[in-house]
Amino acid sequence: MTSMLRTSFMQESTAMAREHGPVFEREFFNLRFTFVTSAELVAELADEHRFEKHVLPALEVVRPAIGDGLLTAYNHEPNWRTAHELLMPAFSQNAMRRYHPLMLAVGGQLLDAWDDAVGPVDVTGSMAKVTLEIIGRAGFGYSFDSFARATTHPFVVALADVLDHGQRLVTRPPLAGGFLGKRAAERNADNIAYLNAVVDEVIATRTAGGDHGSDLLGLMLESDALDPVNIRNQVLTFLAAGHETTSAAMAFTLYYLAADPVVLQRVQDEVDAVLDVGEPRFEQVAKLRYLRRAVDESLRLWPTAPGYSRVAKQDTMLGGRYLMRAGDPHFVLLPALHREPIWGAGPDEFDPDRFLPSRVRERPAHAFKPFGTGIRACIGRQFALHQIALIVALIVRRYDIALPQDYQLRVSEGLTFNPIALTLHLTAR
């Protein structure tokens, strides 16, 4: 959805980690990162008694849009814990069963669109449409008509602009700004006002109907624990973060399957054997174990975000060697953590069998952290993993997929990683 940082800083840092890790510092414009890259130290940072979440500058700058939503709330703000406890039932297995038919319907729209496509299909853009429709409909009963519109919904454009504006504030050199900066700030304010108005209208419509429903919005409206502004913040948070991370994970999974015909065939054989000829049933998705390993391996190589940041609650020694002052952020660099020697030979290579149960048990518990850590980890993890497996299964059951002959993977960086200009050739099976 958004190009964000327009840099390879995190990828360069990942390459440097092999020489400079497990703890090292780098500067990026006016920001200083202290990177942590070893599973041993990451496990220590997961201790909620000694450490807690740090809201990164890249998240702080979008607080004018999403305030104290689950992603951007400071630890001392009460609404995040209230919202987290309130929304947990929306990600239970019973809730997931209710979402499954909706995910199938959106997947069907994708397949219809790809059936009608002429030439290679835009994977990154298509996956963003899928995930936005799913979170919009499942969470808030709102459709962006992504597969019916000739142009992108203005809400999506505004949301992308707001996120992009925030990242420019982070990465802009200190002397940049002036008149152009003022104009950009005014446009950002207009975009935020529009986003708020759309969400407020959705909330008003649901409230007027009397039946709050049992989705994310319904749970928040049914309770009086959250004020209307925070409910809006939570809606915008799920729309912003909940679709971009998942769409990127699907795009990378499809890339790796298309790049490895042997793995693709093995996934297709499993999908053909497990799924019903018609619409897959909810419980069948969990039986796609090799596909799930492929998804996890994609998340290992290109996690949902470059990393997450932790701060010490009081002065402490990390690993008995590294002094951490209270409040000083340390950034867990996920692509480096996920390429440690504990992952075996060829850590840059795609190998789903790294996630065989026996091999998972051999690794440290905190070697794989694509969804963050602790009480502030991604609340929608199971929601995301179910839709990734389901949508990818629908695609590979319908098509043989292949990369353009000259395609070389390049990755953009921002709040998440994304493959640049990824397209696929489709052949009906």
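The chain is numbered in sequence order, starting from 1.
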J.: Answer yes when E25 and R32 have at least one side-chain N-carboxylate O distance shorter than 4.0 Å, and no when they do not.
T.: yes

J.: Under 3.5 Å, is there a donor-acceptor pair between the T131 and Q387 side chains?
T.: no

J.: With side-chain hydrogen bond (donor to acceptor under 3.5 Å, both in side chains) as the test, would you mind laying out the steps for D400 and Q268 before giving the verdict?
T.: CA-CA 9 Å; D400 286 320; Q268 287 176 320; 3.0 Å; yes

J.: Would you say CD of E283 has more than 12 non-hydrogen atoms from neighbouring residues, nucleotides or ligands within 6.0 angstrom?
T.: yes

J.: Okay, side chain of R300, backbone of R339: is any donor-acceptor separation there less than 3.5 Å?
T.: no

J.: Would you give the length of the straight line joining atom CG of L104 to atom CG of L394, rounded to the nearest 0.5 angstrom?
T.: 6.0 Å

J.: What pair of heavy atoms forms the shortest contact from M127 to I395, and how long is it?
T.: CE-CD1, 4.0 Å

J.: Should the pair R63 and Y74 be classed as cation-pi, given the thresholds of under 6.0 Å to the six-membered ring centre and 45° from the axis?
T.: yes

J.: Can you find a side-chain donor-acceptor pair between Y194 and D161 that sits under 3.5 Å?
T.: no

J.: If you look at every heavy atom in F91 and A95, which pair is closest and at what distance?
T.: N-CB, 4.2 Å

J.: Which one of R50, E44, R325 satisfies the side chain to side chain donor-acceptor pair (under 3.5 Å) criterion with T316?
T.: R50

J.: Taking the side chain from R359 and the backbone from D353, do they hold a donor-acceptor pair closer than 3.5 Å?
T.: yes

J.: Do you know the tightest heavy-atom contact between A39 and E340?
T.: N-OE1, 2.9 Å

J.: Does R26 come within less than 4.0 Å of E12, counting only side-chain N to carboxylate O?
T.: yes

J.: Ignoring hydrogens, what is the shortest heavy-atom contact between Y308 and K369? Give both atom names and the distance.
T.: OH-CE, 3.6 Å

J.: Going by atom types only, do Q234 and N79 share a side-chain donor-acceptor pair under 3.5 Å?
T.: no

J.: Is the backbone of R281 close enough, under 3.5 Å, to the side chain of Q284 for a donor and an acceptor to pair up by distance?
T.: yes

J.: Take the angle between the ring planes of H338 and F368 and call it parallel below 30°, perpendicular above 60°, tilted in between.
T.: tilted

J.: Only one of F417, F33, F331 passes ring-ring contact (aromatic ring centres under 6.0 Å, His included) with F9; say which it is.
T.: F33

J.: For the residue pair R363 and F355, would you count it as a cation-pi contact if the rule is NZ or CZ under 6.0 angstrom from the ring centre and within 45 degrees of the ring axis?
T.: yes

J.: Report the distance from atom CD of E244 to atom CG of L159, rounding to the nearest 0.5 Å.
T.: 8.5 Å

J.: Would R429 and D272 pass as an ion pair if we require N to O under 4.0 Å?
T.: yes

J.: Whether the side chain of E77 engages the backbone of D68 through a donor-acceptor N/O pair (distance < 3.5 Å, no angle test) should be reported.
T.: no

J.: With a distance cut-off below 6.0 Å to the six-membered ring centre and an angular limit of 45° from the axis, does R410 pair with W302 as a cation-pi contact?
T.: no

J.: Kindly give the heavy-atom pair with the smallest separation between D215 and A138, and that separation in Å.
T.: CB-O, 3.1 Å

J.: Do R354 and W343 form a cation-pi contact, if we require the NZ or CZ to be under 6.0 Å from the six-membered ring centre and within 45 degrees of the ring's axis?
T.: no

J.: Is it the case that atom CD in E201 sees more than 12 heavy atoms from other parts of the structure closer than 6.0 Å?
T.: no

J.: Kindly compute the distance separating CD (E222) from NE2 (H212), expressed to the nearest 0.5 Å.
T.: 6.0 Å

